[in-house]
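Positions are given from 1, in the same order as the sequence printed here. Both ligands and their constituent atoms are indexed starting at 1 by order of listing. Just so we're clear, the structure is a prediction, and the values are computed from it rather than from any experiment.
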Amino acid sequence: MMTMINTPTTRGKLLFDVSLSRYNTWGVGGNAQCVFHPADIEDLSDFLANTDKDVPLTWLGLGSNVLIRDGGIEGIVIITQTGLKQIRFGGEHSVYAQAGVACAKLARATVSKSLVGVEFMAGIPGTVGGALAMNAGAFGGHTWHNVSHVDVINRRGDIARREVSEYEYGYRYVKNFEGEWFVGASFDLDLDELGTKVVSIKELLAQRAQSQPIGKKNCGSVFKNPEQGYAAKLIEQCGLKGFVIGGACVSNKHANFIINEKNATAEDIEQLMQHVQDTVRQHCNIDLVPEVKFLGNKGAA
Ligand SMILES: Cc1cc2nc3c(=O)[nH]c(=O)nc-3n(C[C@H](O)[C@H](O)[C@H](O)COP(=O)(O)OP(=O)(O)OC[C@H]3O[C@@H](n4cnc5c(N)ncnc54)[C@H](O)[C@@H]3O)c2cc1C
């Protein structure tokens with residue numbers, strides 16, 4: 001049964017019964033009952049303050065680390081990428097980015113000011129909010145390493161500032177933000193006056209293009225690397241490169257990537273993930289843990 005949604009007035013955009021396939025990089029998933037694009041942070045706060053508290057909320061950045069199931073998402077899906085996109089520099093070493101800022105944009109903006117610390121974000125196709133929620137990382141860097149504080153919002157629309165010490169984080173996880181969502185973060189960076197530390201974003205992107213299936217619908221690494229090694233290597237050892245279920249396929253270029261090759265459904269991808277997990281467990285006695293987050297309900301595609 002659908003939730004009754006009485007939406008308050010907003011300066012943002014509300015869409016009803018919308019396909020979520022265009023809101024994630026795999027290009028799959030059913031419909032959202034309601035999608036909300038806040039106009040800005042004040043609009044988001046007012047909207048939450050005046051929305052029934054029993055309506056389920058789901059947050060999405062650029063949908064580059066989620067598997068949205070075919071039955072869609074009940075309640076309201078909040079999209080940060082349109083209204084929360086301010087970047088502000090403060091002092092010589094600090095930058096504040098709202099949750100909807102694209103990671104690549106933040107990387108480029110900081111490198112252009114000779115600031116070092118978040119340039120690894122250049123190749124991460126998500127938002128700052130998603131990077132905080134996942135502790136996204138690459139090339140030895142990770143999101144929380146340079147965060148000095150974050151701003152969060154709760155179900156009532158109250159905004160609060162939180163210190164990094166209030167969270168526990170590690171490889172692709174952050175704990176202690178239940179009931180709150182990130183609306184922005186301040187990063188403390190190093191000023192590279194001599195120009196010896198700033199790396200070329202072009203070089204970072206070229207490195208990724210060599211090993212990743214660029215231009216195909218995917219969600220990055222599907223599984224976390226286990227303690228025993230690289231997930232991609234284990235999947236490849238099991239002979240799963242190129243393995244297909246429905247329209248979904250294990251990438252031939254990078255075995256920890258699953259490609260939506262031919263109009264895959266979310267169910268195809270989920271079944272393929274299950275097959276990969278079963279096979280790796282059987283052959284290597286290792287449990288692969290998904291890095292991607294599952295959202296929504298199973299159901300007809
Ligand atoms: C080609 C490719 C390469 C990638 N490479 C990397 C990589 O090198 N390193 C890496 O770590 N990841 C990588 N990823 C995965 C992904 O880009 C990151 O995890 C990214 O941080 C997700 O951001 P997003 O905005 O797309 O989040 P989404 O996918 O939209 O959401 C991810 C999770 O965060 C939650 N969330 C989103 N916004 C907020 C918010 N404001 N507050 C609280 N929760 C929120 C969502 O509910 C969901 O649970 C890659 C993905 C692709 C497609």
**Q** Do the side-chain N and O atoms of Gln282 and Asp278 include a donor-acceptor pair separated by under 3.5 angstrom?
**A**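 No, because no side-chain N or O of Gln282 sits under 3.5 Å from a partner of the opposite role on Asp278.
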**Q** Give the atoms of ligand 1, by number and element, whose distance to some non-hydrogen atom of Ala131 is under 4.0 Å.
**A** 21 (O)
**Q** I'd like to know if the side chain of Asn146 pairs up with that of Asp188 as donor and acceptor (distance under 3.5 Å, no hydrogens or angles considered).
**A**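 There is no such pair (donor and acceptor under 3.5 Å, judged by atom type) between the side chains of Asn146 and Asp188.
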**Q** Do Phe257 and ligand 1 have an N or O pair less than 3.5 Å apart?
**A**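 N/O-N/O distance under 3.5 Å: no.
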**Q** When you measure from atom 31 (O) of ligand 1 to every protein heavy atom, which one gives the shortest distance, and what is it?
**A**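 For atom 31 (O) of ligand 1, the nearest protein heavy atom is Val66 CG1, 3.8 Å.
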**Q** Closest non-hydrogen protein atom to atom 42 (N) of ligand 1, residue and atom name please, with distance?
**A** Phe182 N, 3.0 Å
**Q** Any N/O of Ser64 closer than 3.5 Å to an N/O of ligand 1?
**A**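 Yes: some nitrogen or oxygen of Ser64 is under 3.5 Å from one in ligand 1.
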**Q** Which of parallel (below 30°), tilted (30 to 60°) and perpendicular (above 60°) describes Trp181 and Trp59?
**A** parallel
**Q** Please write down residue, atom name and distance for the protein heavy atom closest to atom 12 (N) of ligand 1.
**A**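 Minimum-distance protein heavy atom for atom 12 (N) of ligand 1 reads Glu291 OE2, 4.0 Å.
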**Q** What atoms of ligand 1 come within less than 4.0 Å of a heavy atom belonging to Ala133?
**A** 34 (O), 35 (C), 36 (N), 44 (N), 45 (C)
**Q** Quick check on contacts: which atoms of ligand 1 are under 4.0 angstrom from a heavy atom of Lys293?
**A**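 By the 4.0 Å cutoff, the relevant atoms are 49 (O).
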**Q** Name the closest protein heavy atom to atom 47 (O) of ligand 1, giving the residue it belongs to and the distance to 0.1 Å.
**A** Trp59 O, 2.7 Å
**Q** Return the option from Thr127, Ile214, Asn24 holding the heavy atom at the smallest distance from atom 25 (O) of ligand 1.
**A**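 Checking each option, the heavy atom nearest atom 25 (O) of ligand 1 is found in Thr127.
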**Q** Name the orientation class of the two ring planes belonging to His142 and His145 (parallel below 30°, tilted from 30 to 60°, perpendicular beyond 60°).
**A**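 It falls in the perpendicular class, over 60°.
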**Q** Test of understanding: given a 4.0 Å heavy-atom threshold, classify the contact between Ser221 and ligand 1 as side chain, backbone, both, or neither.
**A**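 Contact part for Ser221 vs ligand 1: neither.
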**Q** If you have a sec, work out which protein heavy atom is nearest atom 27 (O) of ligand 1 and how many Å separate them, to one decimal?
**A**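 Looking only at protein heavy atoms, the one closest to atom 27 (O) of ligand 1 is Gly130 CA, 3.6 Å.
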**Q** So is Leu60 polar-close to ligand 1, meaning N/O to N/O under 3.5 Å?
**A**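 No; every N/O pair is 3.5 Å or more apart.
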**Q** Could you state whether Phe187 and Val174 fall into the same hydrophobic cluster, counting links through intermediate Ile, Leu, Val, Met, Phe, Trp or Tyr residues with side-chain heavy atoms under 4.5 angstrom apart?
**A**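 Same hydrophobic cluster.
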**Q** Is the closest N or O pair between Glu180 and ligand 1 shorter than 3.5 Å?
**A**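 Checking ligand 1 against Glu180, no N or O pair falls under 3.5 Å apart.
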**Q** Going by an N to O cut-off under 4.0 Å, is there a salt bridge joining Arg155 and Glu180?
**A**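 Salt bridge: no.
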**Q** Check each atom of ligand 1 against the heavy atoms of Cys219 and keep those under 4.0 Å away; list them by number with element.
**A**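 Close to Cys219: 51 (C), 52 (C), 53 (C).
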**Q** Answer yes if the side chains of Tyr96 and Asp151 hold a donor-acceptor pair under 3.5 Å, and no otherwise.
**A**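 Looking only at side-chain atoms, Asp151 and Tyr96 do form a donor-acceptor pair, the distance falling under 3.5 Å.
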**Q** Nearest 0.5 Å, please: how far is CZ in Phe243 from OG in Ser251?
**A** 15.0 Å
**Q** What atoms of ligand 1 come closer than 4.0 angstrom to any heavy atom of Gly63?
**A** 26 (O), 28 (P), 29 (O), 30 (O)
**Q** Need the ligand 1 atom indices (1-based, order shown) with element for anything under 4.0 Å from a heavy-atom of Met134.
**A**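 Here the atoms of ligand 1 in question are 19 (O), 33 (C).
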**Q** Where is the nearest protein heavy atom to atom 29 (O) of ligand 1: which residue, which atom, and how far?
**A**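 I find the closest protein heavy atom is Asn65 N, 2.8 Å.
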**Q** When you compare ligand 1 with Leu295, is there at least one nitrogen or oxygen pair between them that comes in under 3.5 angstrom?
**A** no
**Q** Atom SG in Cys34, atom CD1 in Ile78: separation rounded to 0.5 Å?
**A**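 Between Cys34 SG and Ile78 CD1, I get 9.0 Å after rounding to 0.5 Å.
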**Q** Assess His142 for proximity to ligand 1: is some non-hydrogen atom of it under 4.0 Å away?
**A** no
**Q** Does the structure place the NZ or CZ of Lys13 under 6.0 Å from the centre of the six-membered ring of Phe36, at an angle of no more than 45° from the ring's axis?
**A** no
**Q** Apply side-chain hydrogen bond (donor to acceptor under 3.5 Å, both in side chains) to Gln210 and Arg208, showing your working.
**A** CA-CA 5 Å; Gln210 273 183 359; Arg208 295 175 78 89; over 6 Å; no
**Q** Restricting to pairs with a member in residues 244-255, which pass salt bridge (charged side-chain N to carboxylate O under 4.0 Å, His left out), not counting sequence neighbours?
**A** none
**Q** Any salt bridge (charged side-chain N to carboxylate O under 4.0 Å, His left out) pairs touching residues 29-48, not counting sequence neighbours?
**A** Arg11-Asp40
**Q** Given Ala138, Gly137, Pro125, Gly126, identify the one with the heavy atom nearest to atom 14 (N) of ligand 1.
**A**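 Heavy atom nearest to atom 14 (N) of ligand 1 belongs to Pro125.
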**Q** Quick one: does ligand 1 sit under 4.0 Å from the side chain of Leu132, the backbone, both or neither, non-hydrogen atoms only?
**A**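 Looking at Leu132 and ligand 1, no heavy atom falls under 4.0 Å.
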**Q** Does at least one non-hydrogen atom of Arg208 fall below 4.0 angstrom from an atom of ligand 1?
**A**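 Right, Arg208 reaches ligand 1.
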